[in-house]
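Below you'll find the structure, written out as structure tokens, and then a few comments.
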Amino acid sequence: MLGKIIVRRIGKKRLAVRITELEIYDGFKDLASHASKGQTPRNKIMFAEGGYFYIYLVYGMYYMINITTGEKNYPSAILLRGGTIVSKLKNLPTYKLETNLNGPARRNFSEKNLGGPGKLSKFLQVNKKFNEKLARPKNGLWFETDDSLKSKIKISKTPRIGVNYAGPIWSKKKWRYVITQKHNLTKIY
DNA sequence: GGAGTGATGACA
DNA sequence: GTCATCACTCCA
């Protein structure tokens, strides 16, 4: 998933973000995973086969975007935690320019960086209506592959964020993956 | 460093 | 029904 493009269609416009940061939530035993307590109404899509969105609200404000992975009945998903905007500039929504991205004229990495899962969903305008939907263009939210970057990215692994409640074994696993090399990531896709 | 926010799931 | 707890962000 790292380096791939997540695309959101809103009317005729497309928002595109290259994924640069994610976390793995894997299986029944992973105490950081919502699925560690078994199947519930919220997490049931985690038990589907790969390719479905798992969207939920945290802290009353932020939607987390996850994509399911693996076999049916095995709960696993990848949380998208950050990316860089690679939309054509004419497609950028105006609200974004007023907040943390400082306008279309300045285009260096940090200003196009969406660091944090809440920013990602805010920019892509993704909410719970995408929960349990397949990642497909007809659903308005999907992934594309940009092969030009494949061999160039460098990846570092760290513990997952905000999961201390999972105890030392699971909170320390290096299941957060980040693209550390910034070169080329902002190229308009 | 701390407020904000509301769904979720555990327990009664 | 009540309660604590959160896969966080922003402003200070």
Side-chain angles (χ1 to χ4, degrees), chain A residues 1-4 6 8 15 17-70 74-85 92-103 106 109-133 135 141 143 155-180:
Chain A
M1 296 300 298
L2 276 178
K4 285 189 185 298
I6 183 168
R8 167 88 161 99
L15 301 175
V17 173
R18 187 186 308 284
I19 297 161
T20 58
E21 177 182 347
L22 56 79
E23 284 175 2
I24 293 166
Y25 290 86
D26 182 47
F28 299 92
K29 295 179 182 173
D30 177 5
L31 291 180
S33 169
H34 289 171
S36 66
K37 294 172 184 170
Q39 191 168 329
T40 68
R42 178 173 65 164
N43 70 20
K44 74 176 194 304
I45 196 62
M46 290 187 77
F47 292 74
E49 64 269 34
Y52 290 86
F53 287 108
Y54 173 36
I55 313 287
Y56 62 90
L57 188 68
V58 281
Y59 302 113
M61 293 182 235
Y62 304 109
Y63 291 102
M64 303 287 103
I65 304 174
N66 299 249
I67 183 77
T68 65
T69 60
Y74 183 81
S76 54
I78 290 172
L79 168 66
L80 308 184
R81 286 195 54 90
T84 59
I85 298 167
L92 294 181
T94 51
Y95 82 86
K96 179 187 63 61
L97 306 178
E98 297 160 4
T99 57
N100 57 331
L101 296 167
N102 299 331
R106 304 164 64 190
F109 179 84
S110 63
E111 288 171 347
K112 295 185 71 175
N113 190 31
L114 300 170
K119 291 179 184 173
L120 202 59
S121 58
K122 182 181 175 188
F123 175 75
L124 291 172
Q125 299 176 50
V126 166
N127 58 26
K128 256 193 105 168
K129 76 182 180 190
F130 291 96
N131 189 38
E132 304 185 1
K133 292 278 194 298
L141 188 63
F143 297 96
I155 297 170
S156 64
K157 298 160 70 172
T158 80
R160 292 172 290 182
I161 306 296
V163 295
N164 289 333
Y165 61 86
I169 304 281
W170 295 97
S171 64
K172 286 178 182 170
K173 282 193 183 296
K174 293 185 173 179
W175 284 1
R176 172 173 173 256
Y177 287 60
V178 186
I179 297 182
T180 49

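Keep in mind the model is a prediction, meaning the values are calculated, not measured.
Comparing dA7(C), dC10(C), dT5(B) against the side chain of Lys119(A) picks out dC10(C) as the nearest. Closest to the side chain of Leu57(A), out of dC10(C), dC8(C), dA7(B), is dA7(B). Closest to the side chain of Asn66(A), from the set dC8(C), dA7(C), dC10(C), is dA7(C). Which of dT5(B), dA7(B), dC8(C) sits closest to the side chain of Met64(A) comes down to dC8(C). For Pro117(A), whose side chain is taken as the heavy atoms from C-beta onward, the closest listed nucleotide among dT9(C), dA7(C), dA7(B) is dT9(C).
Neither OP1 nor OP2 of dA7(B) sits under 4.0 Å from any side-chain N or O of Tyr63(A). A sub-4.0 Å separation between OP1 or OP2 of dA7(C) and a side-chain N or O of His34(A) is present. Taking 4.0 angstrom as the limit, Lys128(A) places a side-chain polar atom (N or O) nearer than this to OP1 or OP2 of dT8(B). Arg81(A) has a side-chain polar atom (N or O) that falls below the 4.0 Å cut-off from OP1 or OP2 of dC8(C).
Looking at every heavy atom in both residues, Phe53(A) comes nearest to Phe130(A) through CB-O, 3.5 Å. Contact detail for Val58(A) and Met64(A): the closest heavy-atom pair is CG2-CE, 3.6 Å.
At a threshold of 4.5 Å between non-hydrogen side-chain atoms, the residues Ile65(A) and Ile55(A) count as touching. The shortest side-chain heavy-atom distance between Pro117(A) and Glu23(A) does not fall under the 4.5 Å cut-off. Side-chain atoms of Leu114(A) and Ile85(A), non-hydrogen and from C-beta on, do get closer than 4.5 Å to each other. Taking the side chain as every heavy atom from C-beta outward, Ile24(A) and Tyr177(A) approach each other to under 4.5 Å.
Atom NZ in Lys174(A) sits roughly 20 Å away from atom C1' in dA7(C) (whole-Å rounding). Counting to the nearest Å, the P atom of dA7(C) and the CD atom of Glu21(A) are 16 Å from each other. In this structure, the CD1 atom of Ile161(A) is 10 Å from the P atom of dT9(C), given to the nearest Å. Between the C1' atom of dT5(C) and the OH atom of Tyr59(A) lies a distance of 9 Å, rounded to the nearest Å. At whole-Å resolution of the value, CE in Met1(A) and P in dA7(C) are 21 Å apart. In this structure, NZ of Lys173(A) is placed 17 Å from C1' of dA7(C), rounded to the nearest angstrom. Rounding to whole angstrom units, OH of residue Tyr62(A) and P of dT5(C) are separated by 20 Å. We find that CD of Gln39(A) is positioned 15 Å from C1' of dT8(B), with the value rounded to whole Å.
Between the Thr68(A) side chain and the Tyr52(A) main chain, a donor and an acceptor come within less than 3.5 Å of each other.
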Any N/O pairs under 3.5 Å between the protein and nucleotides 9-12 of chain B? List them or say none.
unit_1 : atom_1 : unit_2   : atom_2 : d
dG9(B) : OP1    : Thr40(A) : OG1    : 2.4

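Stem list for DNA chain B (at least 3 consecutive Watson-Crick or G-U pairs, distances under 3.5 Å): B:1-4 with C:8-11, B:6-11 with C:1-6.
Stacking between Tyr25(A) and dA7(C) is present: the aromatic ring centre lies within less than 5.5 angstrom of the base six-membered ring centre, and the two planes differ by under 30 degrees.
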inquiry  = side chain to side chain donor-acceptor pair (under 3.5 Å) for Thr158(A) and Arg176(A)? Distances and angles first, verdict last.
reply    = CA-CA 5 Å; Thr158(A) 80; Arg176(A) 172 173 173 256; 3.0 Å; yes
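A salt bridge links Arg160(A) with Asp30(A): the closest approach of a Lys/Arg side-chain nitrogen to an acidic carboxylate oxygen falls below 4.0 angstrom.
Judged by distance alone with a 3.5 Å cut-off, a donor-acceptor contact links the side chain of Tyr56(A) to the base of dA7(C).
Nucleotide dA7(C) is shown with a syn base, its glycosidic torsion being within 90° of 0.
Going from atom OH of Tyr63(A) over to atom NZ of Lys122(A) covers 13.5 Å, rounded to the nearest 0.5 Å.
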